[in-house]
Amino acid sequence: MAGEPFAMNRPAARTGPSPVSMKKTHVAIIGAGRGGTSLIEIFHSDPLVQIMGVADIRPQAPGILLARRLAISTTPDYKRLLRLKKVDILIDVTGNPKVDRSLRELKRPDRAVIGGPIAKFMWQLIEARIKGKEEIEKHLREYQTLYGLYIQEVQHAIAEERTRIALDIHDGLVQTLVGLNYKLDLCGELIQKDPAQCRPLIRETRELLKAAIEETRQVIFNLRPLHFDRMEFLPGIRNYLKTYARQYQIETDFKIRGDEQRIPPRVKIFLFRIIQEALSNVQRHAKATRVRVDLTVGKSDIRTMLSDNGRGFDLEEVSSHPEKWASFGLKGILERARLLGGTAVIDTKPGQGTKIVLRVPLAGKESTLREQNPSADRR
């Protein structure tokens, strides 16, 4: 370009409409250390500012390297920037007294000169803004990652819930209906030959039908606990424990301390599913005759303890086998606890029963998908 002391490599023109009334400010930066780099980063993204050149005697200064990547002209001689015609503001961030004197001696009423403490304050302010922006972007990336993890775990929990319900239907309701169908077929064969023998079969069939109705109600309850329509958490648990004790002949004991109203609706649903999973685990594996559920609503968290008098198991051995870990239902319990921002700790030994202690923060204390308690994670 004629009249300019050194060639300019301008960045590609930005597309899109630009208000005619807004004129770009042309800036030259002396110094390409931290201060100059911060100024380049913020000015380059501003559509109302164009950086005309960057000067620094160090060819590998961070600001020089950045300027080259952005197609901004660079020079080792700051005096070349002083001779540029199309510059509105000269900014000196070197802190060099010689450069400062040169700028003070510059008699150019058409351009402003910023240096010394003012320039330092300006680039520190800009640097703080950049760091703040980077911190926000970092948190956004973290939240995006955690949200993806949350979705994966929720989908996994849904798949596990469907599998559990399918097994309950297959092992309970379907088997009852098969027996019902068999007795009806037998009764149909005997009704012409010996009607008297049909009477006990009809009584048995009636009992099986009652059992099938009860099992159907239980499946429906498991899918959507009726009391949860009104978010009545405690009646929902009590009703479930009552049905559980009658169906599996396992004595249940439920104690609560604190105010249910302080438990958020989302936490109620997750807690109910955790209790459901733990009790299902007791019925399938523990060979227990008694199970106890203690729930305490404290000032900052909810503590739930589930314990049974079953045969227990070797936690280290089970946790080292993914298939056993999944079949024992422990993974689902730990994942649900973590989705609530809480922890679940499992304490068990062969012949000594099993105890699960769950801690969940209340609203206002609940964290966003924090990492599990390491001791719980190892289990």
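Worth saying up front: this structure is predicted, and the values here are computed from it rather than measured.
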> How far apart are the closest heavy atoms of Pro76 and Ile57, and which atoms are they?
Replying inline: O-CG2, 3.5 Å
> Is there a side-chain contact between Val93 and Leu39, using heavy atoms and a 4.5 Å cut-off?
Replying inline: yes
Sequence neighbours excluded and cut-off under 3.5 Å, please list the side-chain donor-acceptor pairs for residues 181-189, or say none.
{"unit_1": "Lys183", "atom_1": "NZ", "unit_2": "Glu204", "atom_2": "OE1", "d": "2.6"}

>> Are the side chains of Ile114 and Leu103 in contact, using a 4.5 Å heavy-atom criterion?
In response: no
>> So Ile237 and Glu260, do their side chains get closer than 4.5 Å, heavy atoms only?
In response: no
>> Is it the case that the side chains of Thr75 and Asp77 hold a donor-acceptor pair, with the cut-off being a distance below 3.5 Å and no angle test?
In response: no
>> Determine whether Asp253 and Lys255 satisfy the following criterion, salt bridge (Lys or Arg N to Asp or Glu O under 4.0 Å), listing intermediate values before the conclusion.
In response: CA-CA 7 Å; Asp253 183 25; Lys255 294 285 190 301; 2.9 Å; yes
> Roughly how far, to the nearest 0.5 Å, is the CG atom of Leu81 from the CD1 atom of Ile91?
Replying inline: 11.5 Å
> Would you say Asp56's side chain and Ala32's backbone share a donor-acceptor pair under 3.5 angstrom?
Replying inline: yes
> Any idea which heavy atoms bring Arg336 and Phe270 closest together, and the distance?
Replying inline: O-CD2, 3.7 Å
> Should we count CZ of Arg199 as having more than 12 external heavy atoms under 6.0 Å?
Replying inline: no
>> Assess the residue pair Gln276 and Ser280 against the criterion (side-chain contact (heavy atoms from CB on, under 4.5 Å)); give the C-alpha distance rounded to whole Å, side-chain angles, the decisive distance to 0.1 Å, and a yes or no.
In response: CA-CA 6 Å; Gln276 218 177 14; Ser280 177; over 6 Å; no
> When clusters are formed by joining ILVMFWY residues with side-chain heavy atoms under 4.5 Å apart, either directly or through shared neighbours, do Leu234 and Ile275 land in the same one?
Replying inline: yes
> Can any side-chain N or O of Arg262 pair as donor or acceptor with the backbone N or O of Lys299 at less than 3.5 Å?
Replying inline: yes
> Who else is in the cluster with Met305 when I, L, V, M, F, W and Y are joined by side-chain contacts under 4.5 Å?
Replying inline: Val357
>> Quick check for you: to the nearest 0.5 Å, what is the distance between Arg68 atom CZ and Leu70 atom CG?
In response: 12.5 Å
>> Applying side chain to side chain donor-acceptor pair (under 3.5 Å) to Thr289 and Asn309, what does each step give before you reach the verdict?
In response: CA-CA 7 Å; Thr289 59; Asn309 66 343; 2.8 Å; yes
>> Evaluate Arg34 against Ser38 for side chain to side chain donor-acceptor pair (under 3.5 Å), listing each step before the verdict.
In response: CA-CA 6 Å; Arg34 282 178 54 199; Ser38 298; over 6 Å; no
> Does any non-hydrogen side-chain atom of Tyr244 lie less than 4.5 Å from one of Gln283?
Replying inline: yes
>> My understanding is that only one of Asp100, Asp92, Asn96 makes a side-chain contact (heavy atoms from CB on, under 4.5 Å) with Ile30; could you say which?
In response: Asp92
> Can you name the closest pair of heavy atoms from Ile346 and Leu315 and give their distance?
Replying inline: O-CD2, 3.6 Å
> Side-chain contact, heavy-atom cut-off 4.5 Å: Ile89 with Thr25?
Replying inline: yes
>> I need the single residue from Asn281, Thr348, Asp347 that forms a side-chain hydrogen bond (donor to acceptor under 3.5 Å, both in side chains) with Thr354. Which is it?
In response: Thr348
>> In the structure I gave you, are the side-chain heavy atoms of Val27 and Asp88 within less than 4.5 Å of one another anywhere?
In response: no
>> Please tell me whether Tyr78 and Thr94 have a donor and an acceptor in their side chains that are separated by less than 3.5 angstrom.
In response: no
> Side chains of Ile302 and Leu362: closer than 4.5 Å at any heavy-atom pair?
Replying inline: yes
>> I need the Glu207 CD to Lys210 NZ distance, nearest 0.5 Å.
In response: 4.5 Å
> Do you know the tightest heavy-atom contact between His44 and Ile51?
Replying inline: N-CD1, 4.1 Å
> So Phe313 and His285, side-chain contact (heavy atoms from CB on, under 4.5 Å) or not? Walk me through it.
Replying inline: CA-CA 9 Å; Phe313 58 93; His285 304 291; over 6 Å; no
> What are the two closest non-hydrogen atoms of Leu82 and Leu90, and how far apart are they?
Replying inline: CD2-CD1, 3.5 Å
> Looking at CZ of Arg290 and CD1 of Ile250, how far apart are the two atoms once the value is rounded to the nearest 0.5 Å?
Replying inline: 11.5 Å
>> If you compare all heavy atoms of Ser73 against all heavy atoms of Met52, which two are closest, and at what distance to 0.1 Å?
In response: CB-O, 3.9 Å
>> To the nearest 0.5 Å, what is the distance between CD on Gln50 and NE2 on His26?
In response: 4.5 Å
> From Ile42 CD1 over to Thr37 OG1, what is the distance, rounded to the nearest 0.5 angstrom?
Replying inline: 13.0 Å
>> side-chain contact (heavy atoms from CB on, under 4.5 Å), that's the test. Do Thr252 and Val293 meet it? Break it down for me.
In response: CA-CA 8 Å; Thr252 61; Val293 180; over 6 Å; no
> Run the side-chain contact (heavy atoms from CB on, under 4.5 Å) check on Leu190 and Leu201 step by step: do they pass?
Replying inline: CA-CA 10 Å; Leu190 292 174; Leu201 282 174; 3.7 Å; yes
> Given side chains that start at C-beta, do those of Arg292 and Leu306 come closer than 4.5 Å, heavy atoms only?
Replying inline: no
> Are Leu65 and Ile40 connected in the hydrophobic side-chain network, where two residues link if heavy atoms are under 4.5 Å apart?
Replying inline: no
